[in-house]
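Predicted model only: the values in this text are computed from it and were never measured. Read the numbers this way: they start at 1 and go in the same order the structure lists the ligands and their atoms.
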Amino acid sequence: MLRARMGTRKKVHAFVRVKPTDDFAHEMIKYGDDNKSIDIHIKKDLQKGFVNNKQTDWSFKLDGVLHNASQDLVYETVAKDVVAQALDGYNGTIMCYGQTGAGKTYTMTGTTENYKHRGILPRALQQVFRMIEERPTHAITVRVSYLEIYNESLFDLLSTLPCVGPSVTPMTIVENPQGVFIKGLSVHLTSQEEDAFSLLFEGETNRIIASHTMNKNSSRSHCIFTIYVEAHSRTLSDEKYITSKINLVDLAGSERLKKSGSEGRVLKEATYINKSLSFLEQAIIALGDQKRDHIPFRQCKLTHALKDSLGGNCNMVLLTNIYGEASQLEETLSSLRFASRMKLVTTEPAINEKYDAERMVKNLEKELALLKQELAIHDSLANRTLVNYDPMDEIQIAEINSQVRRYLEGTLDEIDIINLRQIQEVFNQFRVVLSQQEQEVELTLRRKYTLIDKNDFAAISAVQKAGLMDVDGHLVGEPDGQGFGLGVTPFSAKPGKKAKSKKMFKEQLSTSARKEGASSPVGGKDLDFSTSKTQLTPSSKEGDVKDMLMRDRETSSTEPLPLDSPKEELRPPRPSTPPPKPVAFEDFKNERGSEINRIFKENKSILNERRKRASETTQRINAIKREMDMTKEALNFQKSLREKQGEYENKGLMIIDEEEFLLILKLKDLKKQYRTEYQDLRDLKAEIQYCQHLVDQCRHRLLMEFDIWYNESFFIPEDIQVSLKPGSSIRPGMVPISRIVSLGEDDQDKFSQLQQTELPEGPDSISFYNAKVKTEQKHNYLKTMMGFQQAHRK
Ligand code: ADP
Ligand code: MG
């Protein structure tokens, strides 16, 4: 939620403050007329004493030289703008640099005894609170913290306050996307100037005490006083708020190590100080170099803690404190060098804008309410009765569910559209109803049929033996109607896959008799009569029928009939052993089945012819497509040629050459051909689908008739047959065979008519009616067979 509004690039401001002295080196230190530069000149005879190089003149360009300047003027010049901008969301950093005693602490903190001599810190706090008063439109909070870095250790100068608990873990510098912060450093909310001052004094006191009790050399420590500002607009609709911080840094003395002449512990300290300041210098040099993208911030605690306060998006000011005395000129030179380096650093101050999540939610809620009102007005203007746009409750959803059900049943013509939510719920309920129906269908199927995994060969083989399944792995009577033993590949089936599964299946088959039966040629296709029964495989309650079917299958083999079989008593022309089904089928096709067999073959040849035509059309379409592509390519080439040679235009008309014109004509013609052929193909496909259904129908009927004929010819006692003949007396529970066993001629006619009338509108209806007729047939057939069995037992 943090966003920084980018500003323009800015240089770091570098000022120099000269400590007042009676012994000012007028001959050596000269200020420019604009007060923005310092020239240093060293006399030849003095040079030898402290400078190694031969240079005698230096000129430093700065943003201002403060000589004999009051604390007031220093604040005005150095800090005022930075603090003012912090209230607009810009981070600011003000650092004092210089050798010990040059006036850093005086500049930053000032004297605590004399109000007039107060430094930047108290003045900055004052300015912040004054500006808050001037901005009643904003709720602005101020927090402060005071950190000391000594010997690479972090100290909280405000940890002595009663509100701060004892620190358990040492403080660490933590980086997150929002910036750098010191974990464990206490941050104090201050609601007024006075509180802020108390905190400042507390910190200053601790600084002094620490330097005594811990034997710290205060000139060797860096102190960072931070003011955190957070401004929320009092206008509640304003979700944005700004945050900023002002770092006021009093650095350790910058004097060189050799000057201190210290040893042991003090020497170690001195080394550290110089180290962290030299790391600061390195970071500053890197920041000033436009080509550098890596800034070594993490080399020491100081630069790491100030990482987001150096350069970057801050307003930055460096104030270098120098002595004006000749004896300090060497340190003064090195301080001025640091200052001019700092001037090379550019920053890009930016506002730290954040979003108040709670306010955003509130505002969105408000807007939502407003939009609902708008909708209500809109509805009443559009004469719609009050529409509810709230989420639906259970009752409303149940009502929609019922509407969907009624719609599907056909008792409801249409579902009125009310609003978007309702439309979505209607679709939702469609899905609910659909999945429920799917489950119901599956449940019904499971109750009625035994479902077998098609990959479970053992199970399939068992079922196969029981005669409940055909070679294609379809359960006999499987509703898709594709598996009635004739190996005609359905129009939509993938031939490769089918052939493979079939082969695997044949390997599962054990009896050779079946295999022989499976290769009876009908129109060049396989016929397998041992499995061509069209009976259903009932699961439990029709178990006796199943027994019957199994016996029927046994009798169809070449084995002799059991001795107690009543068939022995049949009249002489009837063979004592029925012929194998494949042989019988050939006879049947020449006798009673000749007509249906002829129609079957005819339909098949029509189907094959249509398929051939479809394939030819497809080839033609592909050829046309290829030619179209080529023409397009040629045309593009012509076009690019024209563009390369420069186009000719005549009164806004493009002039193209004859070749390109002819190509355009050709492409147009090809497109026309393509459309025509495509239309033809679509028609052909519809025709093929229709023919396929007819062929299936014929095949089915052929097999059905054959089964009946076979049973009649070899098994059903003649007396029963007589009584079954139309016109004769019908036994209870029995239906005339002509009506049951085959498609009754009336039914067949009806069916043909149906197909003719239904097809033009939707070829899909065929499968529906097909299935319906088949189911009726099977049902009737089973009933009849049961009847026969009962008759047999009697
Ligand atoms: P530093 O913090 O750089 O080591 P101080 O701020 O402690 O130096 O200054 C050393 C002494 O000089 C202090 O007593 C301070 O009051 C005095 N001093 C420094 N600068 C000024 C100034 N501009 N006007 C008056 N006194 C000053
Ligand atoms: Mg100091």
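The shell of residues lying under 4.0 angstrom from ligand 1, judged by heavy atoms, excludes Asn321. Under a 4.0 Å heavy-atom criterion, Gly253 is not in contact with ligand 1. Using 4.0 Å as the threshold, His117 has no heavy atom nearer than that to any atom of ligand 1. Residue contacts with ligand 1: Pro20 is included, with a non-hydrogen atom under 4.0 Å away. Proximity of Gln71 to ligand 1 is not established, as no heavy-atom distance is less than 4.0 Å.
For atom 14 (O) of ligand 1, the nearest protein heavy atom is 4.0 Å or more away.
Interface atoms of ligand 1 facing Gln99, defined by a heavy-atom separation under 4.0 Å, are 3 (O). Taking every non-hydrogen atom of Thr100 and a distance limit under 4.0 Å, the qualifying atoms of ligand 1 come out as 4 (O).
Note that OH of Tyr106 and CG of Asp250 are 14.0 Å apart. Values are rounded to the nearest 0.5 Å.
Distance alone, capped at 3.5 Å, is enough to place a donor-acceptor pair between the Arg359 side chain and the Asp238 backbone.
Test Leu147, Leu185, Ile224, Thr172 against Leu154 for side-chain contact (heavy atoms from CB on, under 4.5 Å) and you get one pass: Leu147.
Regarding atom 10 (C) of ligand 1, its nearest protein heavy-atom neighbour is Gly101 O, 3.6 Å. The shortest contact between atom 19 (C) of ligand 1 and any protein heavy atom is with Gly103 CA, 3.5 Å.
Ligand 1 has a nitrogen or oxygen under 3.5 angstrom from a nitrogen or oxygen of Tyr106.
Heavy-atom proximity to atom 17 (C) of ligand 1, evaluated over Met108, Lys19, His67, is greatest for Lys19. Nearest-heavy-atom check against atom 2 (O) of ligand 1 across Thr105, Leu66, Asn68 picks out Thr105.
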request  = Step by step, work out the side-chain hydrogen bond (donor to acceptor under 3.5 Å, both in side chains) result for Glu152 and Ser276.
outcome  = CA-CA 8 Å; Glu152 283 302 283; Ser276 68; 5.2 Å; no

task = Show your working on ring pair (Phe, Tyr, Trp, His ring centres under 6.0 Å) between His67 and Phe24 and close with a plain yes or no.
result = CA-CA 11 Å; His67 186 76; Phe24 186 75; 4.9 Å; yes

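Ring-centre distance between Tyr241 and His138: not below the 6.0 Å cut-off.
Residue contact annotation: Thr105 places an N/O/S atom under 2.8 Å from the Mg ion (ligand 2).
Note on ring orientation: taking the six-membered ring where Trp is involved, the planes of Tyr146 and Phe225 are perpendicular (angle over 60°, cut-offs 30° and 60°). Below 30°, between 30° and 60°, or above 60°: for Phe15 and His13 the angle between ring planes is below 30°, a parallel geometry.
Cation-pi geometry between Arg118 and Tyr115 is met: under 6.0 angstrom from the ring centre, within 45 degrees of the axis.
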